[in-house]
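Beneath this line is the structure, given in structure tokens, with notes to follow.
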Amino acid sequence: MEKKKFYVTTPIYYPSDKLHIGHTYCTVATDTLARYHRLTGDDVMFLTGTDEHGQKIEEKAKEAGITPQEFVDRIVDGPRGVRDLWKLMNISNDRFIRTTDDYHVQSIQYIFRKMYDNGDIYKGTYKGKYCTPCESFWTESQLKDGCCPDCGRPVKDAEEEAYFFRLSKYADRIRDLLENTDFLQPRSRVHEMVRNFIDPGLEDLCVSRTSFSWGVPVDFDPGHVVYVWVDALSNYITALGYGNDRYDDYDKGWWPGINIVGKEIVRFHSIIWPAMLMSLGEPVPKKCFGHGWLLLDGGKMSKSKGNVVDPYILAEQFGVDALRFFLMRTFPFGSDGNFSNELLIQTINTDLANDLGNLVSRTTAMVGKYFGGQLPGGCRSWEAPEEYDRDLTAMASGLRDAYEAQMEVFAPHKALEEVFKVIQRANKYIDENAPWTLAKDMEANGPRLAHVLYNLLESTRICGILLTPFMPESMEKLFVQIGAPADCQTWDSAAVWGRLPETAAVTKGENLFPRIDMDKALEELEALEAAAKKAALPAIEIEPQLEEQVDFDTFCKSDFRAVKVKACEAVKKSAKLLKFTLDDGTGMDRQILSGVHAWYEPEELVGKTLIAIVNLPPRKMMGLESNGMLISAVHTAQGEEKLNLIMVDDAIPAGAKLC
Ligand code: MSP
């Protein structure tokens, strides 16, 4: 029988921001879903990638003094970049698309032209409000308190010649898609979309820009670049080969696929994207699932808010699987959830260390201790099962179906809840049977003890299979510990009680999920975060050199002299100023005030030979006169401003002129 094809995508990420735990959430969720479908036997294509065009990126590259291409290359492929993060998080994508890939650019030009040729794109003038960070156009009525409804930042008036997409033409079909099919999930998102965008009337969408150039040029009108969302949304089909000759998978049953996206971009995925596909005469996605946000202190995580939680640090500190598990276990997938490090540690300790970890380590240790790591043949059956035997085996045997029902409706948190019911039941079963008591008389109780331990291994095996999409690496280790061969790790075998060989070789290996000391871990985390922040700053920043030239005569008007510090003291009531009494070679003391107290104590400067400009007009500071200025060198290191007074050889006499 041909395998069912399952095509699932994450949104493609903007490479302008450092990816945080919120982004990781979306990709881990999609990866879990992809792994789940592979486990069930589907033929899976999982796509992720990066969304690399647009004004924001052009601006950031300019700020960084590099080309936009260099800028995106660095963030996508550089150390600790996007690809590195997905590798670290064990993301099993089959394809990675970059919107700067040649084949994608080729497809975008094809798509734009096709929509133009069929009359859905026309030229007009755009007048409206534009949010640069979000790269979104808004109408006046969509603004929230005059600002961008997505990010709350100010928008600016924009007016330019532009191409428009006849989105309005598709309003009825989009309404029908939203209201009368189960395309958009969860259902609550349908009401949001209809109320906020369809009911007020869909307006045509501006789909080209002329005010910047970092984008896909419209090939028949090269001053225009394609609107970044038209470019980005199309990735889901260009990555399959639509409109290009790089891939040849579009007609092979992958499309339509499933788009998993965060709630703020549901509008693009459930209105604009299906309308584009309708215009192209292509099928709309099977589903769009709009998940909630991970919030920090009640607000959305973002780099600009300065509260980014670094997934690298969290994964390195707690383990990739523990982090993956936490994200899927804690937050109902369609709703927002509050992220905190405390909650992460608590979840690891409760579910992984206490419940799952204990079950595995106690069971494998007991098989080792009482049976030398191998249960005797015949231990699977027991003539007169106890009530708790029946309870455990029934729960574990029915687990796969209960889990499947939840996974199929994008409720990974509920699927995990089902698994943990069995894990908790199994732990209780240990206490009910008190194996340590049975072991006191092995002759009489040995067979019963072996049966109890078999039931525990078998329950663990079934849970292990179903936890694999969430924690692939740890479950591999778990299977080694309980001695489950490959054919006992399959989806089919998860529904059949008793598949584990009775005499499987059991080994108590490393503790899969060690308990975490909350206070210590939080302290370490803080230190790691501070160190990472510091390391992320450029080692040294120097001020850009002035471009304006100064003519020689003007330069010569500045009188720089060597001066010797005769006395130096802090100026009262000033945190910054030091008062210098200087020998400038004239025989008269010169007084200069300088704001260098943050870097020098007065006594360490006495006797030093410094450089001053002496022909500046006198200036009063804190009621004291300053006659000139001491010359210093400034730069920024690790985010802190540093200053060094220029000190010269003491052999240089006071008053010597610099020229
Ligand atoms: N480039 C667009 C998507 C284009 S898709 C054709 C984009 N990129 S993004 O990098 O800003 O966001 C990528 C995904 O991360 C989105 O689904 C977004 O919702 C998700 N998240 C970003 N912050 C998040 C949280 N704090 N919590 C959960 N998901 C979040 O949008």
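Atoms within a ligand are numbered from 1 in the order they appear, just like the ligands themselves. Remember, predicted model here, so these are calculated numbers, not experimental data.
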Item to check | From the candidates S234, G290, G22, C26, the one that places a heavy atom nearest atom 28 (C) of ligand 1 | outcome: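 It is G22 whose heavy atom sits nearest to atom 28 (C) of ligand 1.
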
Checklist entry - Should one rank F268, Y236, Y25, F339 by closest heavy-atom distance to atom 5 (S) of ligand 1, which comes out on top? => result Y236

Checklist entry - Quick one: is the NZ or CZ of R38 closer than 6.0 Å to the six-membered ring centre of F46, and within 45° of its axis? => result no

Next on the checklist: I'd like to know whether Y122 forms a side-chain hydrogen bond (donor to acceptor under 3.5 Å, both in side chains) with D204, so could you lay out the CA-CA distance, the side-chain angles of the two residues, the decisive distance to 0.1 Å, and finally the verdict.
Outcome noted: CA-CA 10 Å; Y122 63 92; D204 288 353; 2.7 Å; yes

Short list, please: which atoms of ligand 1 are under 4.0 Å from a heavy atom of [X]?
X: H23; value: 10 (O), 12 (O), 13 (C), 15 (O), 22 (C)
X: G292; value: 28 (C)
X: E264; value: 18 (C), 19 (O)
X: H20; value: 23 (N), 24 (C), 26 (N)
X: H291; value: 28 (C), 29 (N)

Next on the checklist: Within the supplied structure, the quantity of interest is the number of heavy atoms (other residues, nucleotides, ligands) at a distance under 6.0 Å from K287 NZ; does it exceed 12?
Outcome noted: yes

Would you say ligand 1 has an N or O under 3.5 Å from any N or O of [X]?
X: H269; value: no
X: A232; value: no
X: I265; value: no
X: D51; value: yes

Item to check | Derivation and outcome, side-chain hydrogen bond (donor to acceptor under 3.5 Å, both in side chains), residues Q69 and T67 | outcome: CA-CA 5 Å; Q69 190 64 55; T67 66; over 6 Å; no

Next on the checklist: Under 4.0 Å, counting heavy atoms only: does W229 come that close to any atom of ligand 1?
Outcome noted: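 Right, W229 reaches ligand 1.
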
Next on the checklist: Heavy atoms only, cut-off 4.0 Å: how does L294 contact ligand 1, side chain, backbone, both, or neither?
Outcome noted: both

Next on the checklist: With side-chain hydrogen bond (donor to acceptor under 3.5 Å, both in side chains) as the criterion, how do Q406 and H413 come out once you've worked through the C-alpha distance, each side chain's angles and the decisive distance to 0.1 Å?
Outcome noted: CA-CA 8 Å; Q406 299 300 350; H413 60 290; over 6 Å; no

Next on the checklist: Please evaluate residues R246 and D102 with respect to the criterion salt bridge (Lys or Arg N to Asp or Glu O under 4.0 Å), reporting the C-alpha separation (whole Å), side-chain torsions for both, the decisive distance (0.1 Å), and the verdict.
Outcome noted: CA-CA 9 Å; R246 166 74 185 273; D102 288 348; over 6 Å; no

Next on the checklist: Would you call the rings of F339 and F326 parallel, tilted or perpendicular, taking 30° and 60° as the class edges?
Outcome noted: perpendicular

Checklist entry - Can you say whether the rings of F165 and Y170 are parallel (under 30°), tilted (30 to 60°) or perpendicular (over 60°)? => result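 Parallel, since the angle between the ring planes stays under 30°.
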
Item to check | Residue that, paired with H269, satisfies ring pair (Phe, Tyr, Trp, His ring centres under 6.0 Å) out of F289, F183, Y236 | outcome: Y236

